[in-house]
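The structure appears right after this line, and notes come after that.
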Amino acid sequence: MQKIPAHITLILAFVLSIGLNSYANGQVSIENLKCEMLHDPMGIGTTHPRLSWQIMSEVRGTNQQAYQIMVASTAVKLASDQADLWDSHKVNSDQSIMVTYAGKPLSSRTNCYWKVRVWTSKGASSWSKPAMWTEGLLNPADWKAQWVGYDKGFPWDSVSKFSRLSARYYRKQFDVKAGIKKATIYIVGLGHYELYVNGKSVGDQVLAEPPTDYTQSVKYSTFDVTNSIKQGENVVGTVLGNGRFFTMRPKYKPKKIKEFGFPKMLLQFEVEYTNGTKQIVKSDESWQFTADGPIRTNNEYDGEEYDATKELTGWNNIGFNDKAWQNAQLVQSPGGTIQAQMNEPIKVMDTIKPIALTQVKPGIWIMDMGQNMAGWIQMKVKGNRGDKVTLRYAETLQPNGELYVANLRDAKVTDAYTLKGDGQESWHPVFVYHGFRYVEISGYPGKPELADFEGQVVYDAIFTTGSFETSNELINQIYHNAYWGILSNYKGMPVDCPQRNERMPWLGDRAVGSLGESFVFANGNLYAKWLDDIAQSQKPDGAIPDVAPAYWNYYSDNMTWPGTYILVADMLYRQYADEAPIQKHYASMKKWMDYMRGKYMKENLITKDKYGDWCVPPESPELIHSKDPARNTDGQLIASAYYYHLLNLMQKFAVLIHKPADAKAFAEQQINTANAFNQKYLDKKNFKYDNNTVTANLLPLYFGITPPESRQEIFKNIADKIQNEAKGHISTGVIGTQWLMRGLTEYGRPDLAFRIASNSDYPGWGYMVKHGATTIWELWNGDTAAPAMNSHNHIMLLGDLIAWFYQDLAGIKTTSPGFKEIVMNPPVIQDLKFVKASYKTPYGEVNSNWTNNGNDFKWHITIPPNSKALVYMPAIASSEITEGGKQVASVNDIKLVKMEHGKAVFRIGSGSYDFEVKN
Ligand code: BGC
């Protein structure tokens, strides 16, 4: 065989490479198709969903130039390019996220199969793999089912302050004919439900459905159960638990605690046949139910008791004798509109093995999970019928090794399992969760072994978006603690803590925290759902509560807690390019701003506050709140500064949604408030605000209230105070800490921010770590403060720490919605030798790994396709910098923009880069 001459091989290779670059089948592909930020969602509630995809390409500077989307009503049609619902045709656009469906009007139950292809600066892709979504029940009239429930307790229940209500078991047997095409279940199960078809559980969600104010809205879920049913007899079964519907503390403080009633359910089971007919099985009086089953009580605060001797073997399958059961009863609807669940369900997301088991008293064992977590214990046990194992949970231990439960207040946190006695039994609760590191085990037959237990970590099924590691071990542990704190407190809504008799969705805790959290978890849908909860809790006069859903009735009227409504909408827009919350909530936000102004504004300042700079480090170790006026910041100052900042965001929103008159009015009010603020609080001679706390100075400075000519001096004052008075420690509470790290960095003292973050003595996050914390505490002095308000798994004190880790230390900061454009400008901090971080933006993953050994700064960066970055590389001159070993000036796809403050600023497109500079 003749060999191809070498020069021809070369020419061929060259021609091929050009070909690849310009037509490029194979080097540009598409992945991660999402509809409303969800993978293949079932039963969505919008007919104009937004579609997103990610472009994969290793070639630098890959930018989308056009796309084509096809949507078809069947997979077969889509495969043969019959886009009977929508063919966008080739659209010249660089938009690859949140593209709104603009095809044929969609109706309830429509199946939508879709695919997309793109043309980029580096060639075209082929069609993506198909993805899908289905429309849910869009009209109230689609619901044929009736609400069933039972509006009282049973003789073994107790509806008292510490309620004990058993779970309710429902079943329905029905016939299915031949020719099944599709079977779908739509369910609202309040407060929590488990769902079974023919004995098998449907889906892997737990603690379903997401908590809401049920008088305003209830969420339904959609399940495809085509493969679970068969011709002939079938059974659908549900178990209803209390969740937040039947509240944990009924008849306790009626003014404070909202009650909704007894568990209830709406279920519609639709079977479509190949001949075009349809059968609907619906919840109604024909169902059977009992509450005399194994789950004897379930209460999120107090725990779950399961008696396996009362198991109803086979109850959720055919052939079960339900003669002793009652007919289901029709009940009132809970009142809220029925909406599709558009946020991810809660699941068991992780498991951990306990690390130690110690007998503290005869028969009483303490198990250490090695990590403060939220979820439950999966237990294996063997014993006699009637043996009862009790598990109690706590975050810490007493000096004698027993559980410390004083900080759980009156939450009983006790699960109990009664054995049926037939060999190995395995159990975990299903309608409650606990926040704990330690578990007390009593009544265990025989000697418990570590292998008999597993911690199941329960939170919303959202993916981890970021990773973050530095040369500083303490900072890494703080990050670890934050990670565990954040996931522990996602439960279909962000809650304050997972362990004591509270677990409430407090707004203030998330004002800025939600931004940091978004770098760690894909929390876009969760927070969008929460904004709906907040909107639904708004009073007709405009008031927004401090807790939403307003399970606790706290309408205290302040700027800092309710203001989270506006801050979170801004976060969703910046991090996810999700503009919908701004569109949807603008009117309610404005109404609230008007309400606060109308009721509390005096001479352009807001006179009402409630929480101050919540939880500043107090003057003595046992105190929860400082009594020292020098540590606390004036409430009116805080309220007015926040008002100013929120006006800023409202102005931005008004511009975005084309309301120029509003934007102008917000801007005018801002000027007035700034003037009044400076007049009242600014001591121009001594460059300090009011009583000169860090918070009092930082808020006006960071928000832009401080006149430009005073800014440097005010900042100097802040820095001096931190260095001299606080000796490089934190002195702020929940409010000041929201802006501290970024504020110090922006004004040129990242070293000081780093010092605060990396201290291991009191007060600071490092102090928590050094004192055994594996999550973040509610109080800086969580190890010594009184138990009344002292959770060890609260994340409000994180402030802007996590945002600072990612945006500043790693330098991954968006300057246009959803990270279409990124600015990477990590500060050079002497004591920080490397940062290795990644973050999954809507466009794909960004990597930023830099090392600084004093004379050599190396930086590996990856930017996802269809996005670009401005990169700030520390260097005296750009000629000192190399990329991939070559002089940067000789690299075509890197453009020098400018030199600024000892940094060379480059514009780069997508792809991987290795910068290096020797100093
Ligand atoms: C909660 C905090 C909350 C605060 C406001 C506390 O009990 O745990 O998270 O923000 O109250 O009052």
Side-chain angles (χ1 to χ4, degrees), residues 211 244 248-249 252-253 255-257 300-301 372 374 395 406-411 413 434-435 482 485-486 488-491 493-514 516-517 527 530 533-534 537 543-565 567-568 608-618 623-626 632-633 635 638-639 642 695 732-738 768 773 775-782 785-801:
R244 294 297 173 102
M248 296 78 87
R249 293 285 180 270
Y252 182 38
K253 290 183 177 169
K255 277 218 181 97
K256 173 176 163 183
I257 300 174
E300 195 181 311
Y301 293 161
N372 198 348
E395 296 183 295
N407 70 330
L408 309 183
R409 307 200 292 227
D410 70 14
V413 293
H434 307 284
I486 296 164
S488 299
N489 287 300
Y490 281 165
K491 293 289 174 293
M493 58 183 172
V495 293
D496 62 338
C497 57
Q499 75 296 77
R500 69 179 177 219
N501 64 355
E502 185 155 0
R503 310 175 190 204
M504 285 293 151
W506 284 95
L507 271 66
D509 302 29
R510 306 291 177 154
V512 168
S514 55
E517 292 161 26
Y527 273 100
W530 197 40
D533 292 333
I534 297 173
S537 68
I544 301 258
D546 307 335
V547 173
Y551 301 127
W552 281 3
N553 180 17
Y554 281 110
Y555 287 83
S556 71
D557 286 351
N558 63 91
M559 294 310 299
T560 44
W561 262 241
T564 296
Y565 188 28
L567 284 156
V568 169
K608 180 79 187 323
D609 180 54
K610 167 86 178 172
Y611 303 108
D613 191 9
W614 191 246
C615 300
V616 292
L623 275 185
I624 289 173
H625 292 299
S626 164
N632 287 307
T633 304
I638 292 175
Y642 266 66
T695 298
T732 45
V734 167
I735 297 302
T737 310
Q738 292 175 351
M768 301 178 189
T775 40
I776 303 292
W777 295 344
E778 178 173 23
L779 302 171
W780 298 111
N781 53 337
M789 193 190 98
N790 193 350
S791 130
H792 276 211
N793 198 355
H794 240 73
I795 50 165
M796 63 186 182
L797 288 185
L798 282 173
D800 68 352
L801 184 70

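Below, each value reflects all heavy atoms present in this structure, side chains not excepted, and no hydrogens, waters or symmetry copies. Computed from a predicted structure; not experimentally measured. Order of appearance sets the numbers: ligands from 1, and atoms from 1 within every ligand.
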Excluding sequence neighbours, so at least two apart, what forms side-chain contact (heavy atoms from CB on, under 4.5 Å) with [X]?
X: T732; answer: D613, V694, T695, I730, T737, L740
X: N632; answer: V616, S626
X: A786; answer: I624

| So which heavy atom on T564 is nearest to which on R510, and how close? | CG2-C, 4.1 Å

| Closest heavy-atom pair and its distance - Q499, H792 | NE2-N, 3.8 Å

| said: Would you call the rings of Y611 and W561 parallel, tilted or perpendicular, taking 30° and 60° as the class edges? | reply: tilted

| task | Show the protein residues that qualify under the rule heavy atom under 4.0 Å from an atom of ligand 1, listing them in chain and number order. | result | D496, R500, E502, W506, D509, W561, Y611, W614, E778, H794, M796

